[in-house]
Amino acid sequence: MAQQSLKIDHILYLLTLDGERRIIQDGAVLVENGRISRVGKAKELADARADRVIDGRAMVVTPGFFNGHMHISYAHPVRGIFPDEQASPLVHVFNLQSAMTEDEEYHATLLGLIELVKSGTVCFLDPGSTKFPDACLQAYEDAGIRVILGECVTDQESPWALPRFPPAEAVARTEGFISKWNGKLEGRLRAWAMPFSYETCSTGLLQALKRVADEHRTGLTLHHNTGEKARQDSVVRYGHTPTAYLQSIGVIGPGVLLAHCLGIDEGEIDCIARTGTTVAMCPVTAAKSGRGVSAHGRMPELLARGVRIALGCDSPNNSNHLDIVRAMNMAAIQYKDARQDLRQVPAEAALEMATIHGAQAMGLGDELGSIETGKKADLVCFDTLRPEWQALWNPVNNLVYNADGRSVHTVVIDGRVVVDAYRQTFADEPRLFAKVQEIGERLQARTGITFPRSKWPMS
Ligand SMILES: [Zn+2]
C-alpha cells in the first residue's frame with residue numbers, strides 16, 4: 001500500500017546528526033514511501049509537495065531515539081512499590097516477572113509502549129523479559145514502534161528466578177525464536193540471542209548462542225557488570241577478567257551488545273574497543289540504585305575510544321521512567337559531577353548516544369539514527385512553545401539540559417505519524433491505566449510481594 005508522503009516545513013532547528021552534525025535553521029524534511037527523500041533549507045524544498053505538511057516553525061526536529069536496554073514487560077503494574085532503601089529488589093523483580101500472565105504482560109507492554117513513543121523512542125531492545133511475544137505482537141504493531149526481542153536463557157544456577165534450560169534446549173529455543181520473529185512487522189521487529197549474563201550461562205551455551213546469532217546475521221546481548229570482586233572470581237574461574245573471558249571464547253565483537261558495563265577496568269575497555277563490541281548503559285538506573293558511577297562508571301573512557309554506546313532505561317522499577325531525554329540529561333550531568341570535570345560527556349555526546357550512536361550500537365546505524373536522504377523516516381518533533389524551551393539559543397543544550405520527553409509533539413516511525421500533536425491513537429489511555437492498576441493489585445496479592453505503600457500515614 002502506498003504510504004502518504006509527509007513534509008515537515010520551516011523547521012526552527014533541524015538537528016540532522018548526519019556526518020557533519022549539521023543543524024539547519026528554517027529547515028525542511030520530505031518523507032516518501034517511509035524514507036527521507038530530501039533534507040535541507042525550507043527554501044531549497046519549496047517545490048516539494050506532500051500529502052500532509054506539518055508546520056515546523058516552533059519545532060526542534062531530531063532523529064528518533066533508541067533505547068538499548070529496556071525491560072518492558074512486567075514492571076508497570078507494580079512501578080514504585082519498592083522503598084528507596086530496598087537493598088536488592090532483583091529477587092522480587094524476577095518473581096513478579098515470572099508470575100505475569102499473558103493478558104497482564106500484554107497490557108503492561110501496551111502502557112510501556114505509550115510511554116516510550118510519547119517521549120520520542122522509536123526503537124527499544126527488550127533484553128529477554130517478554131514471555132508472550134505472540135500476545136504482545138499486536139501491541140508493537142499498533143504502536144508502530146521498532147523492537148528488538150529475544151528469549152532470555154540460562155543454564156546455570158542463579159539467585160534469581162530466571163528461565164533455566166539444558167544447554168541444547170536453550171540453543172534450540174533461541175534458534176526457534178529468531179527464525180520465527182526476526183524481520184516481522186515489515187522489518188521493524190528484530191530477534192536476537194539473549195543469554196542473561198556470563199555468570200548464569202556455561203561457556204558452551206554462550207558460544208552456541210553466538211553461533212546462532214552469526215548464522216542468522218543478527219545480534220546477541222547480555223548483562224555485563226564486572227568490578228573488583230567479579231574480576232577476581234572470573235580470574236580464578238576462567239583465568240581472565242569477565243570481558244577478556246568473553247573474548248577468549250569468541251563471544252564478543254560487532255553484533256555483541258554488553259548491557260550496563262559498570263566496573264570494567266582499562267584492559268576490559270581496551271578489549272571492547274579493539275573488538276568493535278557495543279555497549280548499552282543505563283545512567284538513571286546506575287544513579288538511582290547507588291552503583292557508584294564515580295568509582296565504576298567508565299562512559300567517558302568508552303566514548304574516548306570510539307565505542308558505540310546506546311542509552312537504556314532498564315525497567316520501570318529501576319530508572320523508573322522510560323524517557324530517553326531524561327536519560328540523556330543524566331548521562332551528561334553525572335560524569336561532570338563524578339569526575340568534577342565539566343568536559344565529561346558533553347550534551348552533544350548524550351544526543352549522539354540517543355540517536356546515531358545508539359542506532360549503531362544496536363546494529364541499525366546504516367538505515368536509522370540520523371536525518372539523511374535515503375534513511376528510514378524516524379523523526380521526533382519537539383514543541384518549543386513551552387517555558388522549559390525558553391530562551392532558545394543552543395537547541396542541543398536546551399534539549400539535554402532543560403527539556404524532557406513531555407515536549408515531544410509529533411513522532412514519525414517508518415514514515416508514519418504515530419504520535420500526532422501529543423496524541424497516540426492506538427490505545428484508550430484512561431481505560432488502560434485503570435486496567436494496569438488492577439493488574440498490579442492482583443499481582444501483589446498473588447505473589448505476596450508487597451511493601452508498605454507509604455512511609456507517611458495514608459488514610
Ligand atoms: Zn537488564
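For ligands, and for the atoms within them, numbers begin at 1 and follow the listed sequence.
Proximity of the aromatic rings of H69 and H223 is defined here by a centroid distance below 6.0 angstrom, and this criterion is met. The ring of F426 has its center no closer than 6.0 angstrom to the ring center of Y140.
Contacts of Y74 classified as ring-ring contact (aromatic ring centres under 6.0 Å, His included), with partners at least two apart in sequence or in another chain: none.
Around the Zn ion (ligand 1), the protein N, O or S atoms found under 2.8 Å comprise H69 NE2, H71 NE2, H223 NE2.
Legend: salt bridge (charged side-chain N to carboxylate O under 4.0 Å, His left out) pairs involving residues 406-415, not counting sequence neighbours, sorted by first then second residue: R146-D414, R188-D414, D404-R406. Note on residues 292-312: pairs passing salt bridge (charged side-chain N to carboxylate O under 4.0 Å, His left out), not counting sequence neighbours, are E266-R298, D270-R305, R298-E301, E301-R339.
Note: W389 and F382 have tilted aromatic rings, judged against thresholds of 30 and 60 degrees for the angle between ring planes.
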